Visitor: 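The following block contains the structure, expressed as structure tokens.
Predicted, not measured: the structure shown is a model, and the values here were computed from it. Counting convention: from 1, in listed order, for ligands and their atoms alike. All values below were derived from every heavy atom in this structure, side-chain atoms included, with hydrogens, water molecules and symmetry-related copies excluded.
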Amino acid sequence: MRPSLICSAVLALVACSAADARFPRGFLFGTAVAGFQVEMGCPSTPRAQCEDPASDWYQFITDPALLADQSLHLNGDAPSSGPGFYQLYAQDLDLAANQLHSNALRLSFEWSRIFPSSTVGIEGFEALSAAANPQAVAYYHSVLRAIRARGMRPLVTLNHYTLPGWIHDAAGCHADLSSCKRRGWVDRETTVNEIAKYAGFAAREFGGEVDLWATLNEPFTGIALAGYILPNDQRTNPPGVTLRFNEAKIAILAMMEAHNRMADAVHANDLIDADGTGRPARVGLVYNVQPPEPRDPGNPRDVQSAKDLGYLMNEVFLNGALRGDVDAALDGHTVHRDDLAHRTDFFGLNYYVRAKAAAASEPLFPNDAPKLTFDPSTLELIGDAAGLTDALQIARGYGLPIFITETGIGDESDTGAAAAWIGETLSRTRAAISQGVPVEGWFFWTLMDNYEWNHGMSYKFGLYAVDKGDPAKTRRPREKAIAAFAAVAQSRLAPSR
Ligand code: FCB
């Protein structure tokens, strides 16, 4: 008899309910980091190696005109404020494996480190290999080897927001999106082609060390919204322009295509079953789900606008990228594209907030976004660990295995808020699994304080604190949060609720 059946028969037995609260065998417990956010800021490795000036985000946070532009909400921290994982990765991985008892780590490669110069016109693995930066390739091999040597499985995100400068001129496009030369996702064909080539190269080069791949990170909220529609004090992304719906729509379509072309490229090039699971490559999309709710559940207009909010935030991109049902005009009408359907192996769920809003008296952008029927000035993003249950239900609708690729909360003083978040999200994950939601892993954002995009080092989500003013970039444990994480990761038992 399965343990859950035995348990329901003798519910009163503590030992039994503890056994039932185990996570499934092979469940991944880890932390998530991203290349741009952690690599730079090395204590002693020369800057020329540690820093990567070749990305649009590097330009975004160092260009004087952009730094002076209040609309971008850049806090001004230099790239060298970061935690220096490029140099300190071995000790960070020791913490992840030995203190946290993680069995996995989610990390990302910087496309611009691997290919600092254009790959346009370069075809085939050999030619791409000759064009790749050998130092960057060797660095990522060392990191992957170090992860695996500590008994952890890597989940590699190929693109966590940043684009190479040869693809995207962040400053030029911020100044004038219509006439800039390298327009990133708006140059749909070039960017899709080149990112697919990069994905294929990475899969062939690193496939012997990686079986779990993610293509893009948060394409809708992170890139389309924060880049082209509503950059705001919470999040901006290059080029950081406002209400450019036409370009946003092109970028959205480009990212739907990119995800699928990257997935195909990874499947074609990673033929090595590194983890012995029988599958050389599983490829997912990482998506930030924000369960919607009406400001006033008794008001039918609020209820309808919350549905529209959910459609825009959660469904448009996923329907296109995962099922091939593309709503290119963001108006609710879809056209099916077989080349975008069913090529994805897992859903990477990022969960931080629920979204609550009231209806606008009339749609603000009836031509550009008729489904935007909520009033953006009423939008509240509510950090609530309990919302993970709804987020998992939304993700489940896509019929794929799910990895929770990020969830977390900033808790600089280790008040217990992060520990509580960990406990709550893990027990909700366990409850969802017992109801048949196929969750295979949970990653906490994040291992150590890092460069939190436009907030620089001022937002602190790490299990380990890092101070930008400390030349050694010492990692200081946040004990309560670490204890909550390690207790579950070590025992694989879900905390009780
Ligand atoms: C997510 C991003 C991640 C980090 C967390 C706090 O939206 O994917 O890089 O910034 O937020």
Visitor: Ignoring angles and geometry beyond distance, decide whether Asn288 reaches within less than 3.5 Å of ligand 1 through its nitrogen or oxygen atoms.
Guide: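 For ligand 1, there is no N or O atom that lies under 3.5 Å from one belonging to Asn288.
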
Visitor: Which one of His455, Glu406, Gln234, Glu452 has a non-hydrogen atom at the shortest distance from atom 1 (C) of ligand 1?
Guide: Glu406

Visitor: Quick one: which of Asn237, Thr162, Asp52 gives a side chain to side chain donor-acceptor pair (under 3.5 Å) with Trp57?
Guide: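 By the side chain to side chain donor-acceptor pair (under 3.5 Å) criterion, Trp57 pairs with just one of Asn237, Thr162, Asp52: Asn237.
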
Visitor: Side-chain donor-acceptor pair under 3.5 Å between Asp187 and Thr191, yes or no?
Guide: no

Visitor: Salt-bridge test for Arg244 and Glu247: reply yes if a basic N is under 4.0 Å from a carboxylate O, no otherwise.
Guide: yes

Visitor: Give the numbers and elements of all ligand 1 atoms closer than 4.0 Å to a heavy atom of Asn217.
Guide: 8 (O)

Visitor: Name the closest protein heavy atom to atom 11 (O) of ligand 1, giving the residue it belongs to and the distance to 0.1 Å.
Guide: Arg235 NH2, 3.2 Å

Visitor: How many angstroms lie between CZ in Phe206 and OH in Tyr140, if you round to the nearest 0.5 Å?
Guide: 8.5 Å

Visitor: Going by the order shown, which atoms of ligand 1 are within less than 4.0 Å of some heavy atom of Tyr161?
Guide: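 Listed by number with element, the hits are 2 (C), 7 (O), 8 (O).
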
Visitor: Please confirm whether the ring centroid of Phe365 lies under 6.0 Å from the ring centroid of Phe245.
Guide: yes

Visitor: So which protein heavy atom does atom 5 (C) of ligand 1 come closest to, and at what separation?
Guide: Tyr352 OH, 3.3 Å

Visitor: Sort out for me which residue in Tyr351, Phe485, Phe403 forms a ring pair (Phe, Tyr, Trp, His ring centres under 6.0 Å) with Trp442.
Guide: Phe485

Visitor: When you compare ligand 1 with Trp445, is there at least one nitrogen or oxygen pair between them that comes in under 3.5 angstrom?
Guide: no

Visitor: For atom 7 (O) of ligand 1, what's the nearest protein heavy-atom neighbour? Residue, atom name and distance, please.
Guide: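 For atom 7 (O) of ligand 1, the nearest protein heavy atom is Glu218 OE1, 2.6 Å.
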
